[in-house]
Amino acid sequence: MNYRLELVPLPVTDVDRAKAFYADRLGFKVDLDFSPDDSFRVVQLTPPGSACSIAIGVGVVGTPPGSVKGLHLVVDDIRAARAELAGRGVDIGEVVDMTAPGKPTVSYAAFTDPDGNGWTLQQLPR
């Protein structure tokens with residue numbers, strides 16, 4: 001049996017502002033923007049190269065905006081990815097290399113969306 005994580009709902013306060021952040025600043029692809037009425041809207045966005053998408057909207061999830069933390073975007077070259085996002089206006093922290101004796105280095109750089117949902121770029125050992 002395969003279990004594939006394919007969608008993570010994110011709570012946001014302003015759907016259009018969040019959509020612009022994820023699409024324009026992070027480069028996520030807008031897969032869907034659907035609203036049958038004023039009480040429901042779902043916007044599905046997918047990071048480049050990912051099989052997992054995020055969903056933002058109205059009536060999508062009942063958790064408070066900014067309450068999701070620790071989402072990871074795994075990249076091959078964290079310094080290049082960080083520079084790209086910073087160049088697009090994302091307020092992203094410096095790269096932190098986590099090393100332990102005899103262990104390969106894992107690197108991180110953290111940022112948040114406009115609502116405070118927490119993301120981390122991660123580069124795993126090669």
Side-chain angles (χ1 to χ4, degrees):
M1 180 66 61
N2 292 326
Y3 296 90
R4 294 181 309 273
L5 179 64
E6 294 192 6
L7 185 72
V8 176
L10 289 180
V12 300
T13 54
D14 182 323
V15 179
D16 290 320
R17 178 183 70 173
K19 179 182 174 184
F21 175 80
Y22 285 103
D24 301 338
R25 299 252 175 115
L26 297 185
F28 287 22
K29 178 181 178 271
V30 178
D31 301 314
L32 173 73
D33 187 340
F34 174 74
S35 179
D37 57 49
D38 290 342
S39 66
F40 182 80
R41 179 180 177 193
V42 62
V43 179
Q44 184 171 328
L45 304 109
T46 304
S50 181
C52 187
S53 301
I54 62 168
I56 58 174
V58 175
V60 173
V61 63
T63 52
S67 62
V68 176
K69 306 292 183 200
L71 295 169
H72 282 56
L73 292 171
V74 179
V75 296
D76 293 327
D77 184 338
I78 195 166
R79 284 164 179 75
R82 184 197 174 282
E84 181 179 314
L85 294 183
R88 290 184 186 164
V90 176
D91 183 15
I92 185 166
E94 295 298 322
V95 173
V96 176
D97 295 319
M98 307 292 275
T99 58
K103 301 285 184 185
T105 300
V106 179
S107 301
Y108 299 94
F111 65 94
T112 60
D113 73 7
D115 288 292
N117 292 303
W119 289 85
T120 300
L121 290 183
Q122 179 187 48
Q123 181 179 321
L124 297 170
R126 295 180 190 213

**OP:** With rounding to the nearest 0.5 Å, note down the distance linking CG in D77 to CD in E84.
**Re:** 10.5 Å
Subject >> CD1-OH distance between I56 and Y22, expressed to the nearest 0.5 angstrom >> reply: 7.5 Å
**OP:** Report the residues that fulfil salt bridge (charged side-chain N to carboxylate O under 4.0 Å, His left out) with D91, sequence neighbours left out, ordered by chain and then residue number.
**Re:** none
**OP:** Report yes or no: does T120 contribute a side-chain atom to a donor-acceptor pair with the main-chain N or O of Q122 at less than 3.5 Å?
**Re:** no
Original post:
So, the side chain of S35 versus the backbone of F40: is there a donor-acceptor pair under 3.5 Å, distance only?
Top reply: yes
**OP:** Could you state whether L73 and L5 fall into the same hydrophobic cluster, counting links through intermediate Ile, Leu, Val, Met, Phe, Trp or Tyr residues with side-chain heavy atoms under 4.5 angstrom apart?
**Re:** yes
Original post:
V8 and V43: same hydrophobic cluster, using ILVMFWY side-chain contacts below 4.5 Å?
Top reply: yes
Original post:
Can you check side-chain contact (heavy atoms from CB on, under 4.5 Å) on W119 and L85, steps first, answer last?
Top reply: CA-CA 12 Å; W119 289 85; L85 294 183; over 6 Å; no
Original post:
V74: which other cluster members, linking ILVMFWY side chains closer than 4.5 Å, directly or transitively?
Top reply: V96, M98, V106, Y108, L124
**OP:** Return the minimal non-hydrogen interatomic distance between P64 and P11, and the atom names on each side.
**Re:** O-CG, 3.2 Å
Original post:
Roughly how far, to the nearest 0.5 Å, is CD1 of I92 from CG of L121?
Top reply: 4.0 Å
Original post:
Is L71 linked to V12 within one hydrophobic cluster, defined over Ile, Leu, Val, Met, Phe, Trp and Tyr using a side-chain heavy-atom separation of less than 4.5 Å?
Top reply: yes
**OP:** Tell me whether L45 is reachable from V42 by hopping between hydrophobic residues (I, L, V, M, F, W, Y) whose side-chain heavy atoms are closer than 4.5 Å.
**Re:** no
Subject >> Shortest non-hydrogen contact from P48 toward G27 >> reply: CG-O, 3.5 Å
Subject >> Note: D24-K19 ion pair, threshold 4.0 Å (strictly below) >> reply: no
Original post:
Do any N or O atoms from the side chain of D115 and from the backbone of N117 form a donor-acceptor pair under 3.5 angstrom?
Top reply: no
Subject >> Transitive ILVMFWY side-chain link V60 to V15, under 4.5 Å >> reply: no
Subject >> More than 12 heavy atoms from other groups under 6.0 Å of CG on D38 >> reply: no
Subject >> D97 and R79 ion-paired at < 4.0 Å >> reply: yes
Original post:
Which pair of non-hydrogen atoms, one from A109 and one from I78, has the smallest distance, and what is that distance?
Top reply: N-CD1, 3.7 Å
Subject >> Sidechain-backbone polar pair: R25 side chain, G89 backbone, donor-acceptor under 3.5 Å >> reply: yes
Original post:
Where the side chain of R82 meets the backbone of G93, is there a donor-acceptor pair that is under 3.5 Å apart?
Top reply: yes
Subject >> side-chain contact (heavy atoms from CB on, under 4.5 Å) partners of D31, counting only residues at least two apart >> reply: K29, Q44, T46, S53
**OP:** Considering non-hydrogen atoms only, spot the tightest contact between T105 and S107 and give its length.
**Re:** CG2-OG, 3.9 Å
